[in-house]
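Remarks on the structure that follows.
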Amino acid sequence: MPKQYRPIAGQPVLRHTIFRFVRHPGIGQVIVVIADEDRDRAKTALAGLDVMFVTGGATRTASVRAGLDAVPDGVDLVLIHDGARPFVPAALIDAVLEGLQIADGALPVLPVADALWSGSGDHVAKPVSRDGIFRAQTPQGFRLSAIRAAYAALAPPDTELADDVAVARAAGIDVRLVPGDEENFKLTQAEDFERAERMANRGESVTGSGFDVHRLEPADHMMLCGVRIEEGLGLSGHSDADAGLHAITDALLGAIAAGDIGQHFPPSDPQWKGASSDRFLEHAVMLARDAGATLVHVDVTLICERPKIGRYRDAMRNRLGDILQLPLDRVSVKATTTEGLGFTGRGEGLAAQALVTVRR
Ligand code: MG
């Protein structure tokens, strides 16, 4: 799988990257240049994010050109970023935008800390001065008209240069150096993914809880954790009464302190009559994204004598993983009886409780 689509902390690399631009107040529109064969993968990876997709070309030059061509008229500044740098800090984006107030190009750079040596074969030749030497990062920022002209002036048009600053410099554009950031590293080696996993798992974890009950009644089927169960029992309620999804929805709303399911989907509102409850959970997932929260884990416990959950457990975990965009090792479905005691023991109702953890 291309590295942009490999998961870190349960989310594709590209999603981490794009999310940081989408939520930055200085960014108006994000254009994602992708290979045509990756279109489905990219759409899944970026579901729910407001981006425009553009098909790239056979070379880096052709892909950037396609992206620049798609920038809407009236835009003044454009930042060109590498999808495999998922930890670009907001302050670095600010620095590039500030650099563009002074020059037509801005390049985030880092100093070179290690001594530099030239060599040939296995032998050291001589030291190389670090004076005036920098490590280049992205996003590289430009005045749109200037970088478009620079790409138009490339001869031949498919000339491959190292990066966009190289294209800009070839056209004589003044490019300002601005401070880069060590966190804005590019995922290249296997150990980079280990570092990325550690970084993506930083931050504050918050857990919300949810609880729900619906009455059991004879019926041809019930929906539970998004799975259809045909055992002559149903759940009664205003929507499809999927107590599992309701408990998880409330837990997620709890984790982002966004009220409860009744506030977002009042039972008094006729539009939710018979509604499929995955819509409620999908809405909560969207609210969580907007709040800057990343889902980490869900654990739901279903409390009933019947149906027996075991044979539906894997289907439920798969369905929840789909809705929550979580890998299966972060989706737990458990079941218990209450030893014949209480309303669940008497088979009058089914209860569900859930915990959802997010990282903010
Ligand atoms: Mg309910």
Side-chain angles (χ1 to χ4, degrees), residues 206-289 291 293 295 297-309 312-313 315-326 331-338 341-358:
V206 184
T207 299
S209 79
F211 178 75
D212 195 33
V213 170
H214 282 274
R215 187 179 294 276
L216 280 167
E217 60 187 11
D220 63 332
H221 79 280
M222 70 169 70
M223 295 301 292
L224 193 57
C225 290
V227 171
R228 187 180 172 95
I229 297 178
E230 298 179 355
E231 294 198 8
L233 277 173
L235 290 164
S236 76
H238 189 66
S239 65
D240 68 4
D242 186 331
L245 290 189
H246 292 183
I248 294 166
T249 303
D250 255 357
L252 178 51
L253 291 172
I256 58 170
D260 62 30
I261 194 170
Q263 279 173 267
H264 292 276
F265 306 99
S268 54
D269 188 335
Q271 70 167 309
W272 307 123
K273 184 167 168 56
S276 174
S277 295
D278 44 13
R279 288 171 62 191
F280 303 159
L281 185 53
E282 278 162 2
H283 182 74
V285 167
M286 201 184 66
L287 291 175
R289 275 177 191 155
L295 265 92
H297 183 253
V298 59
D299 183 20
V300 60
T301 302
L302 303 169
I303 305 163
C304 58
E305 303 288 332
R306 295 208 173 278
K308 293 294 176 200
I309 302 302
Y312 304 106
R313 187 193 311 264
M316 290 174 172
R317 292 177 66 215
N318 277 305
R319 183 73 191 110
L320 292 174
D322 282 349
I323 300 173
L324 299 169
Q325 297 265 293
L326 278 175
V331 179
S332 164
V333 174
K334 313 201 301 299
T336 186
T337 69
T338 47
L341 300 171
F343 71 86
T344 52
R346 292 188 297 270
E348 295 164 8
L350 179 148
Q353 57 185 31
L355 294 174
V356 169
T357 302
V358 301

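Side chains included, hydrogens not; waters and symmetry mates left out as well; all remaining heavy atoms used. Order of appearance sets the numbers: ligands from 1, and atoms from 1 within every ligand. Position 1 is the first residue of the sequence, and the numbers go up from there.
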Residue [X] atom name (nearest to the Mg ion (ligand 1); N/O/S):
| X | result |
| --- | --- |
| His246 | ND1 |
| His214 | NE2 |
| Asp212 | OD2 |

Open item on the list: With rounding to the nearest 0.5 angstrom, report the CG to OG distance, Asp269 to Ser239.
Closed with: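 Answer rounded to 0.5 Å: 12.0 Å.
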Open item on the list: Measuring from atom OG of Ser277 to atom CD of Glu282, what distance do you get when rounded to the nearest 0.5 angstrom?
Closed with: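 Rounded to the nearest 0.5 Å, the OG-CD separation comes out at 11.0 Å.
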TODO: Flag the pair Arg228 and Glu230 as a salt bridge only when some basic side-chain nitrogen lies within less than 4.0 angstrom of an acidic carboxylate oxygen.
DONE: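 Answer for the salt bridge query: yes.
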Open item on the list: Once salt bridge (charged side-chain N to carboxylate O under 4.0 Å, His left out) is applied, do any residues pair with Arg279, and if so which ones, sequence neighbours excluded?
Closed with: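 By the salt bridge (charged side-chain N to carboxylate O under 4.0 Å, His left out) rule, Arg279 matches no residue at all.
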